[in-house]
Every structure is written in C-alpha cells, then in structure tokens.
Amino acid sequence: MTVRCTSCISTRVLPFRLTFRPGVPISDQVVYAATRAIVAGQLQPGEAFPSVRTLSRDLKINPNTAHKVITQLLNDGLLESRPGIGTVVALLPHSTATQRTNLLGPQIEELVVEAKRLSIDLDGITSAISRHWKRLTTPPTGGSK
Amino acid sequence: MTAATPAIETRGLSKTFGHTEALAPLDLVIPRGSVFALVGHNGAGKTTLIKLLLNILQPTHGSATVLGESSAALTGESFTHIGYVSENQEFPEWMTVQAMMNYLRPFYPTWNIGDLLADLDLPPDRKVKQLSRGMRMKVALASVLAFRPPLIVMDEPFSGLDPLVRDELIKALLDRMNDEYEANPDSGATILISSHDLAEVESFATHVAFLHQGKLLFAESMATLIARFREVTVTLDPSARSTSFTPPTTWLLPESTASVYCFIHSNAEAENVEQQVESLLPHVIAIQSEPMTLRTIFLALAKSSQAKDWSRA
C-alpha cells in the first residue's frame, strides 16, 4: 500500500508555494504564504489574484477557507477588488506607526525571546534579519514575468 | 426545515451484532454545510454508523435524523437528496459507463451530468466490469455529483486508490462544493466522509469525529481541535528530587525520565500550560509546547482511551 502525505500540498500552479504545517489554521497559513509572495514581489501590484475556486482546487482547501483568506487579504489592504476584473494585488499600503507596532510587536518579541534562548547576540540577530530582508526584497520591476 | 437544523443528528444511536457492540450509544450533530470527516481505524464502527444513518441497518437503540427526517423512515424518494458513495458499492457490471448514467438519470429530478465524465476522465463507452477500482470510485462519485444532493455520504472513498485518482476525486468534490458555495455561501452541501486516514481529508474538512472501537472519542470543528492539542516537553533539573503528583485529567499519556517530563495537553487553548506545569512540577528548566498533526492527536487519543480501559478492567 502506498502511504503518501496528502496534507503536504505543494503547488506551482498558484503564484506562491505552500506546504501545510500541523497545528496552525490553514487559512492563516495561506494568508501568510500570499503575504510573503506579495511583499517579495512574486505577485506584482495589479496582477490578478487566484479566485476562491482556484485556491480551493489547487490547495485542496474548503471554499469557505479560501473565501476567508481572500477577505483577510482584502482587509489587510494587500488585495483590492476591481469590478469586472476580480481581485488584484494592491500597491503595498503605507502603514501608520501604530499599525506597524500592532502588527510587529508580538513577532519581534517572539524573535527576541527565541534569540535569547539560543544565546544569539544582537549583532547575530540583526545580520540574520538583513539577510532575510534582502532575500525578500522586491526585484526591480519587469524582471519577473 | 431551516438552515439551523443540523444535516444529521443522532441520539443514543447504537448497534449490537450478537454479543458485539459495533457502535456504543452515540450522540452526534453534523452541521449543515460542513465537511465532516469520520475517522477511525478499520473496524471502529464507521461503516456501521453510516449504514444506520442511511437505513441500510436498523439501530439496536436510539435514533437519528437525516435532513430532518427520521433515518428509519428514509425511503427511495429520500435518496434523491442523499448521495451515497461506498467503497463496496455494487454496480451494473454489464453496462457501459454512459448506459449506467442514462439508466440513473430518470430516478433523479435534479440530474445534470454536464461535463462530469470528461472532468473525471471517464471513458463513456467502457463497460463497468472492465474498470479499475479507481475508475469505479470515479463512476460512483460522478453518479452522485450529477444529481447535486444537499447531503453526500462517502464511506472510505479514497481507500486503496493511487494518489492521482484520489486527487481527481477530491478535485471533483471540491468543484461541487465551489458550485454550491457560489450559489449559496451560507448553507452549502453537507459532506460526510469516513476514512481511516485523516491526511486524505484534513485540508478541506471543517469538522472531524473520531471513532475508536465503537466509541466516539470526540467530534468537533477542525479549528478547535488544532488549537486544543499540544505536545508538551518539560525539561527538569535532574539533580532535584522528584515529587509525586497527580497530573490533571487534561494531560494525556504522561511519560517521564529523570530530566524530561512529556505529555499531551488536550486543552491547551483554555488552560495556561506554562503556569500549570510550573505549579505542579518542581525545578522546571524549560517548557516546550509544540502543535500536533491530527494523526498524532488521534494516536494519542486512541492510546489514552486504551490505557483508561485497561485501568478499569
């Protein structure tokens, strides 16, 4: 008998890749993967975002979950709906200082805690951050297509 | 029947074969619009439960309602609203796929096969007896999806299928769900799927119930289940003397060595795990709490229910 993990779905059809991890709600994971693709420029502003049906089919997720993902991304300002066209990637919103604090506060704390637990010093953590920052920085437009 | 009526509801439903209790009294609610995964090992009682719900078997005690109707009163007419796909389905072997579909069509007022055969890559002119197991499951699914029932019951639809066929079946099912979702986002079709392998359904199931040796261990939404269980590893100072204590009932399968205490927390969302651990265990150095795959959750629950049965015996 073949045993294959169908929960680890990796797809190239969608403009982002995703392997589901256990213990985290699926919608959160898809929102994260899409956000990552948008900030990294794999999805450019104005580009069409997959429909509920495409997300559901390709990731094998419930349509309700797919809908939740798109609603969340619309609320986050990462997508916008254009009548007659569908949902497209928005220009990255300029966030306010409060928004930034709210969004990143817990994550930064988590990072600091982890770093201290592993006895990584401040220099180590900043250079790790800048490496990742460069990796995810939008390449000059026109490059990918 | 309103949208609030559950698709399926059982009250004390049980089945005994001779001296064997195949299904202990079961109370279960399957909400409308849910994709409800019924999981359990072979012989756990999944098929028995499904057959009771569909009036193929009669309960020893208790009752069930299916789409608002008593399961004991389900007749031919009711099955124009309920689609049933089973791994042991009998087919008119001598018919071609197309002939079988033509034969089924007049039974269902809502029949609309559309491009289903092509979508599922089914050869219309091939005789059913010449089809592989995977193809037969696709035929079974096509004949159910074609009449768009508000309730689809699938008994082990994916067992023994290769990943490609399984993928096709899941896609066809999701397409159907998407159609329903677009037509009526608030109350889509209800799908009950039994499986011994949750990995097959966990990405699109909304609810999951686990049957073990005829007993329901739990039934709840996927989101709460995922939030509830954590695998906790506590590192202790080995030089400290260990004191005995009684772990809370929400801690499953506790195990310990001199420096490590592990358990599975079954209520990690509501209880403060770290506080609990620190108040009960002396000299805690580190607490690690990891999310669990559903597979490991099930194994843990099955093992801990066995442990309880043994301690009672």
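All values derive from a computational prediction rather than experimental measurement. Lettering follows sequence order; numbering is per chain, from 1.
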Region of B/M292 that comes under 4.5 Å of a non-hydrogen atom in chain A: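 Only the backbone of B/M292 comes within 4.5 Å of chain A.
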
Proximal component of B/E290, with respect to chain A [non-hydrogen, under 4.5 Å]: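 Neither part, no heavy atoms under 4.5 Å.
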
When B/T206, B/L174, B/I226 are compared by non-hydrogen pairs under 4.5 Å with chain A, the top option: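 Sorted descending by pairs with chain A, the first entry is B/L174.
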
Option that, when pairs with chain A are counted at under 4.5 Å, heavy atom only, ranks first among B/D179, B/D175, B/L173, B/T293: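 When all of B/D179, B/D175, B/L173, B/T293 are compared, B/D175 has the most.
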
Most contacts with chain B, counted as non-hydrogen pairs under 4.5 angstrom, among A/R117, A/H67, A/R57: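 Heavy-atom pair counts peak at A/R57.
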
A/N75 CG: over 12 foreign heavy atoms closer than 6.0 Å: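 More than 12 within 6.0 Å, yes.
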
Atom NZ of A/K68 with >12 non-hydrogen neighbours under 6.0 angstrom: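 Check fails, neighbour count at 12 or below.
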
A/S56, part contacting chain B, at a heavy-atom distance under 4.5 Å: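 Answer is both: backbone and side chain atoms of A/S56 are under 4.5 Å from chain B.
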
A/I26 portion near chain B, given a 4.5 angstrom heavy-atom threshold: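 For A/I26, the side chain is the part near chain B, not the backbone.
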
B/F36: which of B/I191, B/L28, B/V29, B/I8 passes side chain to side chain contact (heavy atoms under 4.5 Å, CB included):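 Going through the options one by one, the only one that passes is B/L28.
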
B/R133 and B/L161, any side-chain heavy atoms less than 4.5 Å apart: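 Side-chain contact under 4.5 Å: yes.
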
B/H265 and B/W251 aromatic ring geometry - parallel, tilted or perpendicular at 30°/60° bounds: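 Because their plane-to-plane angle lies in the 30° to 60° range, the rings of B/W251 and B/H265 count as tilted.
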
Geometric class of the B/H41/B/F210 ring pair [parallel <30°, tilted 30-60°, perpendicular >60°]: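 Plane angle over 60°, so perpendicular.
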
